[in-house]
**Student:** 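This is the structure I want to talk about, given as structure tokens.
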Amino acid sequence: MYADPILRLIQELTKLPGIGEKTAERLVFHLLTQPKEDGLRLSEAIRDLKEKVRSCGTCYNITEADLCEICANAQRDHALVCVVEQSKDLWAIEKSGAYRGVYHVLHGHLSPLDGVGPENLTIGRLVERIRKGGIREVILATNPTAEGDATAFYLQKTLGAVGARVTRIARGLPAGSSFEYASRTIVSDALLGRREF
Amino acid sequence: MTRLQKTLAVSLRKYDFSETSQVLHLYTRDYGKVHCIAKGAKRKKSAFHGPFDVMVLYEVIRLEKQPGALDLLTAAEALRDYREVRADFARFSAASYACDLVDEFTLEGQPQPELFELLRRMLEALAGGSPVTPSVFSFEARLLRILGHAPRIAECGVCRRRVIGPETYFSARDGGAVCVRCRPRDPTRLLVPRAVLDAMGAFVEGRPADLRALPNLVDHLRRVMDTYLRHLLEREPKTMRFMREAVLAPRP
Ligand SMILES: [Zn+2]
Ligand SMILES: [Zn+2]
């Protein structure tokens, strides 16, 4: 039987995606052989991640400050809002270099199967943003999956009802996939080809 | 022993297994519920023409593994994605609920082709614009019947006499109707107008039910169904609150 600290770390590591018990064990025994400072640096990095990184007060992108670097940038077009499911989708669009507007990160998609409804996403805050005025167009860039589609249609109705002009990116991504894995050209084509519902 | 099997399947759930692979819960026509892995499904080029999605009808070829191991999908083609249900959250909720109920009520490796057809017809109906409320009740009632859980409607579960009078108890523990004289001990019992159980009986037998026979018939029927399903499953499925909202929402 392993000592308690070893068991605890194995347990925590197996909670990570793609890490089974064997891999966790291997990682733990690797860490045991490493200098103390290396291990502590890892634990500090994790602490910093959870303590210093939070959601942007406006768009819910991950940030270290009150406002994320995109919301804080006066050069961006703040009247154009692109709605994505996750921050990683936002970064995929940023990498394409094809977008100069700002974002709104939903932190998920509508999924009754996972118990996720509109109140579990940042939809309410998006509606508030639109009500405040100054937004010319909302571009829906949810992923082309069943849940992403359902979320887009829901947003179209909800945001349309508060008077926003809502468009959706063109279907360039294969069904079931996500922005995360799309190429730059596909992302910029999808943005350029956006249209009203 | 492993063998290749080709069948139709509705995807109930998907999980990311790794950067490129997905684990799926499929409800198949010929083999019942199947948990399987689609290796490389999220890669740009795979045997599957793109990643798997939920609530899609596929033709799949699977490699059956030993009990306890995940089956391997070797090929799949999407036949129908019921895209229309995504356009309306009430429909999407009802479709999710249908998949969830099938997942919750079934174990792997127990083929029930009737249940597969029921689920497929339900998704087709919701995509085709059938009204959500009767579609859901009818789906639930038929599912219960296929699984051998059809509630007793006409006679009392305690004294076995025909239930008469304007009101009847519904007791999940006693399997359905209980007459007023026999007042069930089941703490979740519900006292409902007779018309509520009549409507339930109609849905179970596949007859048309008049949901406007009473002003709050739908609310009563919903409460009865919810109680009964929660009793059978010993918990409330995640999709139930979404389905309830879809069924009880006033519709134009
Ligand atoms: Zn921001
Ligand atoms: Zn009785």
**Student:** Given the ring of B:Tyr31, does B:Arg62 sit roughly above its face, with NZ or CZ under 6.0 Å from the centre of the six-membered ring and within 45° of the axis?
**Tutor:**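 B:Arg62 over B:Tyr31 ring: yes.
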
**Student:** Which answer fits A:Gln156, side chain, backbone, both or neither, if we ask what part of it has an atom under 4.5 Å from a heavy atom of chain B?
**Tutor:** neither

**Student:** Going by side-chain contact (heavy atoms from CB on, under 4.5 Å), A:Leu80 matches just one of A:Val102, A:Ile139, A:Val138. Which one?
**Tutor:** A:Ile139

**Student:** Quick one: of A:Ser111, A:Gly117, A:Gly115, who has the most non-hydrogen atom pairs under 4.5 Å with chain B?
**Tutor:**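 Among A:Ser111, A:Gly117, A:Gly115, the one with the most close pairs to chain B is A:Gly115.
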
**Student:** Taking B:Met240, B:Met243, B:Arg13 one by one, which has the highest count of heavy-atom pairs under 4.5 Å against chain A?
**Tutor:** B:Arg13

**Student:** Measure up the B:Tyr228 and B:Phe170 rings against each other and bin them: parallel (under 30°), tilted (30 to 60°), perpendicular (over 60°).
**Tutor:** perpendicular

**Student:** Walk me through whether A:Val53 and A:Thr63 qualify under side chain to side chain contact (heavy atoms under 4.5 Å, CB included).
**Tutor:** CA-CA 5 Å; A:Val53 178; A:Thr63 174; over 6 Å; no

**Student:** Is the closest side-chain donor-acceptor distance between B:Ser11 and B:His25 under 3.5 Å?
**Tutor:** no

**Student:** By a 4.5 Å heavy-atom criterion (distance strictly below it), what part of B:Thr239 contacts chain A: side chain, backbone, both, or neither?
**Tutor:**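 For B:Thr239, backbone and side chain are both near chain A.
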
**Student:** Is chain A contacted by the side chain of B:Glu19, its backbone, both, or neither, given a heavy-atom distance below 4.5 Å?
**Tutor:** both

**Student:** Highest number of heavy-atom pairs under 4.5 Å with chain B: which of A:Ala146, A:Pro118, A:Ala152?
**Tutor:** A:Ala146

